[in-house]
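Reviewing the structure listed below.
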Protein chains: 2
Amino acid sequence: MVRQIFEREDLIPKLAEIFRQHGYEGASIGLIVAETGAGRSSLYHFFPGGKEEMAAAVLDNVALWFETHIFTPLDTLPEAEAIPTMIRAVTEYFRSGQRICLVGAFALDRTRDLFAERIAQYFDRWLASLSGCLRRAGLPEDAAFARAAQTIAAIQGAIVLTRATARDCLFHEVIAQIAAPSPQLSQADAKDSPS
Amino acid sequence: MVRQIFEREDLIPKLAEIFRQHGYEGASIGLIVAETGAGRSSLYHFFPGGKEEMAAAVLDNVALWFETHIFTPLDTLPEAEAIPTMIRAVTEYFRSGQRICLVGAFALDRTRDLFAERIAQYFDRWLASLSGCLRRAGLPEDAAFARAAQTIAAIQGAIVLTRATARDCLFHEVIAQIAAPSPQLSQADAKDSPS
DNA sequence: GTCTATAAAGCGATAGAC
DNA sequence: GTCTATCGCTTTATAGAC
């Protein structure tokens with residue numbers, strides 16, 4: 001086994017993928033050693049706090065990625081571009097639902113208690129940026145927040161549905177509908193409910 | 001510590017709650033012994049296959065509950081009642097998003113591979129019942145399936161969002177919007193897009 | 001059907017050499 | 001910064017008495 005020399009920053013994406021695939025509890029140090037190719041001592045050298053520090057670093061790294069590629073565009077791009085940009089970015093990032101959202105997954109069991117602030121911060125930031133964007137697009141505040149929640153829930157739920165059924169067409173099915181909100185539904189209405 | 005005499009069926013709801021709170025990997029036998037109050041040997045007596053058999057039994061029990069309280073009503077109730085009935089049932093069952101969906105949570109990590117058939121079956125059954133109901137309500141087949149996927153994703157995503165932010169108002173916010181589908185959105189359209 | 005005791009492996013984390 | 005070796009504890013699972 002050839003052992004390389006690592007930098008902390010190079011380890012984080014590998015750690016992220018391991019936590020994504022196995023969950024926090026399922027990602028044992030032994031597994032992490034095997035999958036990263038890094039030695040036990042190297043890992044504890046870079047992350048003296050052990051597994052918890054590794055996961056925290058991963059969550060911070062995820063938050064930074066979303067800040068750059070999702071939240072800031074939502075805050076600054078013209079409304080017409082912002083949401084399609086977000087849809088494209090999350091579709092690629094989550095690999096059409098075959099790659100999970102680590103933050104969402106950590107939220108579901110006791111792991112949440114370890115990283116509660118980071119997890120809440122991630123979703124609150126997303127909700128704020130998206131509803132701000134919808135607000136600028138002309139929706140009243142209540143409706144903007146409601147649709148932001150609906151949209152983020154749709155993305156998270158689409159991941160669950162896709163992973164559960166192993167069919168990523170379901171991801172695209174759900175995502176397609178959030179990209180095309182009420183205006184499109186009026187067409188269905190025109191056909192189905194003439195009243 | 002007073003030790004009771006258990007029956008297998010009485011253990012299953014307790015096991016379900018433990019798996020929900022800790023995840024499959026996080027739910028150790030020691031924890032299960034402590035939380036159920038059952039002895040180690042009793043557990044292996046009822047579930048010779050160990051933890052995997054416990055989780056399988058829990059998943060079967062969940063599937064049965066949904067069959068009775070969600071899927072069969074969707075298949076048999078008049079369309080106007082079926083979906084509000086489902087909304088009420090899932091809102092109570094998932095405690096407004098503070099209690100997770102075990103099947104959805106298991107789908108997110110490697111645990112999925114252990115129970116892949118049961119997990120896929122649960123969501124496929126839900127999708128089939130709900131889209132059948134929407135079909136009877138007058139939606140064309142494609143639209144019915146798409147809205148079924150959207151609705152189930154919304155429920156799953158609402159749970160993630162609620163657990164992540166510890167605010168169950170988000171659950172109700174998301175659920176309220178699926179309870180009011182195209183017919184109601186046409187009202188919004190009447191206001192917002194006179195074209 | 002439940003008890004106590006224990007085997008055998010895996011766990012997170014550390015020590016000390018280089 | 002990485003190595004090997006190991007500590008102390010927890011894990012799943014089983015054995016045998018009652």
Side-chain angles (χ1 to χ4, degrees), chain A residues 1-59 61 102 105-106 109-115, chain B residues 1-59 61 102 105-106 109-115:
Chain A
M1 182 59 143
V2 179
R3 202 123 280 180
Q4 303 169 238
I5 290 179
F6 289 91
E7 292 193 22
R8 191 184 137 110
E9 288 307 303
D10 300 329
L11 285 169
I12 290 176
K14 295 186 181 186
L15 291 170
E17 217 50 50
I18 294 167
F19 283 123
R20 262 188 272 266
Q21 285 175 20
H22 299 270
Y24 183 73
E25 292 290 343
S28 73
I29 299 292
L31 184 76
I32 291 169
V33 167
E35 300 250 307
T36 59
R40 232 179 179 66
S41 304
S42 305
L43 288 165
Y44 280 99
H45 173 74
F46 291 124
F47 307 96
K51 194 161 83 162
E52 189 171 335
E53 190 177 336
M54 297 178 205
V58 166
L59 287 175
N61 186 69
L102 194 62
F106 278 7
D109 61 28
R110 279 279 148 102
T111 308
R112 181 191 61 168
D113 304 341
L114 277 175
F115 307 107
Chain B
M1 183 58 146
V2 179
R3 202 123 277 181
Q4 304 168 239
I5 289 177
F6 288 92
E7 293 192 21
R8 191 184 137 109
E9 288 308 302
D10 299 329
L11 285 168
I12 290 176
K14 295 187 181 186
L15 291 170
E17 217 49 50
I18 295 167
F19 282 124
R20 262 188 272 266
Q21 285 175 20
H22 300 269
Y24 183 73
E25 291 290 342
S28 72
I29 300 291
L31 184 76
I32 291 169
V33 167
E35 300 250 307
T36 58
R40 233 179 179 66
S41 304
S42 306
L43 287 165
Y44 280 101
H45 173 73
F46 291 125
F47 306 96
K51 194 162 82 162
E52 189 171 335
E53 190 177 337
M54 297 179 206
V58 166
L59 287 175
N61 185 69
L102 194 63
F106 277 9
D109 61 28
R110 280 278 147 103
T111 309
R112 180 192 63 170
D113 304 342
L114 278 176
F115 307 107

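Residue numbers begin at 1 in each chain, while the letters A, B, ... track the order of the sequences. It should be emphasised that the depicted structure is a prediction, and the values quoted were computed from it without experimental measurement.
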Please name all residues satisfying side chain to side chain donor-acceptor pair (under 3.5 Å) with Thr111(B), sequence neighbours left out, ordered by chain then number.
Asp109(B)

Partners passing salt bridge (Lys or Arg N to Asp or Glu O under 4.0 Å) against Arg112(B) (at least two apart in sequence or in another chain)
none

Indicate the ring-plane relationship of Phe106(A) and Phe115(A), choosing parallel, tilted or perpendicular according to the 30° and 60° boundaries.
parallel

For nucleotides 15-18 of chain C, give me every protein contact, N/O to N/O, under 3.5 Å, one pair per line with atom names.
{"from": "dA15(C)", "atom 1": "N6", "to": "Ser41(A)", "atom 2": "OG", "distance (Å)": "3.2"}

Distance in angstrom units between Glu7(B) CD and dG1(C) C1', rounded
11 Å

Table please: side-chain donor-acceptor pairs of residues 15-22 of chain A below 3.5 Å, with sequence neighbours left out.
{"from": "Glu17(A)", "atom 1": "OE1", "to": "Arg20(A)", "atom 2": "NE", "distance (Å)": "3.4"}
{"from": "Glu17(A)", "atom 1": "OE1", "to": "Arg99(A)", "atom 2": "NE", "distance (Å)": "3.4"}
{"from": "Glu17(A)", "atom 1": "OE1", "to": "Arg99(A)", "atom 2": "NH2", "distance (Å)": "3.2"}
{"from": "Arg20(A)", "atom 1": "NH1", "to": "Tyr93(A)", "atom 2": "OH", "distance (Å)": "3.4"}
{"from": "Gln21(A)", "atom 1": "OE1", "to": "Arg110(B)", "atom 2": "NH2", "distance (Å)": "3.2"}

dG1(C) phosphate, OP1 or OP2: any side-chain N/O from Ser42(B) under 4.0 angstrom?
no

Report all side-chain donor-acceptor pairs from residues 26-36 of chain A shorter than 3.5 Å, counting only partners two or more places apart or in another chain.
{"from": "Ser28(A)", "atom 1": "OG", "to": "Leu31(A)", "atom 2": "N", "distance (Å)": "3.1"}
{"from": "Thr36(A)", "atom 1": "OG1", "to": "Ile32(A)", "atom 2": "O", "distance (Å)": "2.7"}
{"from": "Thr36(A)", "atom 1": "OG1", "to": "Ala38(A)", "atom 2": "N", "distance (Å)": "3.1"}

Which residues pass the ring-ring contact (aromatic ring centres under 6.0 Å, His included) test with Phe47(B), not counting sequence neighbours?
none

What is the distance from atom CG of Leu11(B) to atom CG of Asn61(B), rounded to the nearest 0.5 Å?
11.5 Å

Tell me the interatomic distance from Phe46(A), atom CZ, to dG12(C), atom C1', rounded to whole angstroms.
19 Å

Within the sub-3.5 Å range, which N or O atoms of nucleotides 9-13 of chain D have a protein N or O partner, and how far apart are they?
{"from": "dT11(D)", "atom 1": "OP1", "to": "Ser28(B)", "atom 2": "OG", "distance (Å)": "3.2"}
{"from": "dT12(D)", "atom 1": "OP1", "to": "Ile29(B)", "atom 2": "N", "distance (Å)": "3.3"}
{"from": "dT12(D)", "atom 1": "OP1", "to": "Lys51(B)", "atom 2": "NZ", "distance (Å)": "3.4"}
{"from": "dT12(D)", "atom 1": "OP2", "to": "Ile29(B)", "atom 2": "N", "distance (Å)": "2.6"}
{"from": "dA13(D)", "atom 1": "OP2", "to": "Tyr44(B)", "atom 2": "OH", "distance (Å)": "3.2"}
{"from": "dA13(D)", "atom 1": "N6", "to": "Arg40(B)", "atom 2": "NE", "distance (Å)": "2.7"}

Nucleotide dT2(D), atom P - distance to CD1 of Ile5(A) in whole Å
6 Å

About how many Å separate CZ of Phe46(B) and CE of Met54(B), when rounded to the nearest 0.5 Å?
11.0 Å

Kindly determine whether Glu25(A) and Tyr24(B) satisfy side-chain contact (heavy atoms from CB on, under 4.5 Å), including the steps that lead there.
CA-CA 9 Å; Glu25(A) 292 290 343; Tyr24(B) 183 73; over 6 Å; no

Of all of residues 10-20 of chain A, which get a heavy atom below 4.0 angstrom from DNA chain D, listed by number?
none

Calculate the interatomic distance between Ile32(A) atom CD1 and dG10(C) atom P; express it in whole Å.
17 Å

For Tyr44(A), ring-ring contact (aromatic ring centres under 6.0 Å, His included) partners two or more places apart:
none

Could you note down all residue pairs passing salt bridge (Lys or Arg N to Asp or Glu O under 4.0 Å) where residues 6-16 of chain A supplies at least one of them, sequence neighbours left out?
Arg8(A)-Glu53(A)

